[in-house]
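The structure appears right after this line, and notes come after that.
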Amino acid sequence: MTSKALQSFLNEHIKDLKERGLYNEIDPIEGANGPVINIDGKSKINLSSNNYLGLATNDQLKEAAKAAVDSHGAGAGAVRTINGTMDLHLELEKKLAEFKGTEAVISYQSGFNCNMAAISAVMDKNDAILSDELNHASIIDGCRLSRAKILRFNHSDMSDLRTKAKEAVESGDYNKVMIITDGVFSMDGDIAELPEIVKIAEEFDLITYVDDAHGSGVLGKGAGTVKHFGLQKKIDFQMGTLSKAIGVIGGYVAGRTELIDWLKVRSRPFLFSTAVSPADAAASTKAVDLLMESTDLNDKLWDNSHYLKDGLRKLGFDIGNSETPITPCIIGDEKDTQTFSKRLYEEGIYAKSIVFPTVPKGKGRVRNMPTAAHTKEMLDDALAAYEKIGKELGII
Ligand code: PMP
């Protein structure tokens, strides 16, 4: 029997979300998450995945995963610190360190987990964290879990950051102070001001942490936002995910050996949650190999991104301040944004609407994620649909 309190909690909150149009219905896809997906028996051009390089369906990754299942089994069987650490995990971490240009790497079961793990392993209630107001939910939760004082600074506003950093340090209230930022912001596609962040960190002796979920595989010829700015020696934590450009699942922190050794003994998901499966580790290693061997996929990603962005701009759409493949098409009004995305769906294009509270009121957008796996014909079809619907709704 369900508790009455739980039942009334669920009734009330689900009704409220539905009334406010915020109840997210899930569209299950039939088959793989490639440039074209099947939903409800119909194929759609997919502009909503984070599979930047198309690696989620890459044959070499699939082969590596199958071979790992045969040689190492379906699961890791234990947490990393008992006997769940396999040669496959160590190989992945070694390759990632080489790729990121750092001394060492620790990997986790997801990017979300990684932020929860790494922030709270280093920061505590006697510390402060300066956090960009648009940072990802996993950073926010990781900061909360640490119990450090959270000091939010205005989005990429370096003068606000400097003022708050100075105040925090001069107050003498905190043992350690960290600056934490996304490398690439996932809703707008803009890049963090890392050179300025490093300057402020050096001036006040602050710890630096970059969540590069959307920069890894994308910027710096694939090695990420930190490499893009040539700051590999200046950032303490380079966090990344294996679930987006790498195409698999998992997260990691790249940094100095001493820091990574500390995370291995103190970060709780590493100590208390089972390691990623052999197939996941082997497929991720293969992906890193491919990125180190050639920049072809990265070049293709950028070529497709420029093509889609130029096309949308020429049609008269507002694509905001994006500097990366993340391409928001800003419609404004929440209802219009949802109608736009629904019409795209009817025209065979899958591109999700993103509205308040994920983005500010009146800044509703359809977010497009071009990948290396799209063909120009697919992007032309998407642009044709944008033109048709844009005219139909009086947006262009
Ligand atoms: N950080 C950022 C900026 C992200 O966008 C995401 C994924 N939405 C994550 C962390 C979490 O990564 P994962 O999906 O691997 O858990």
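As the structure lists them, so they are numbered: ligands from 1, and atoms in each ligand from 1.
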| field | Worked check of salt bridge (charged side-chain N to carboxylate O under 4.0 Å, His left out) between Glu167 and Lys164 | value | CA-CA 5 Å; Glu167 275 170 16; Lys164 287 179 175 150; over 6 Å; no
| task | Let me know which protein residues bring a heavy atom to under 4.0 Å of ligand 1; chain then number is fine for ordering. | result | Ser110, Gly111, Phe112, His136, Ser138, Asp182, Asp211, Ala213, His214, Thr241, Ser243, Lys244, Gly250
| Short N-O contact, Asp381 and Lys376, less than 4.0 angstrom | no
| query | Does Tyr209 offer a backbone N or O that forms a donor-acceptor pair with the side chain of Asp236 under 3.5 Å? | reply | no
| query | Relative to each other, are the rings of Phe340 and Tyr386 parallel, tilted or perpendicular (30° and 60° limits)? | reply | tilted
| query | What pairs meet the side-chain hydrogen bond (donor to acceptor under 3.5 Å, both in side chains) rule with one or both residues in residues 34-48, with sequence neighbours excluded? | reply | Asn33-Asn46
| For residues Ser146 and Lys125, is any side-chain donor paired with an opposing acceptor at under 3.5 Å? | no
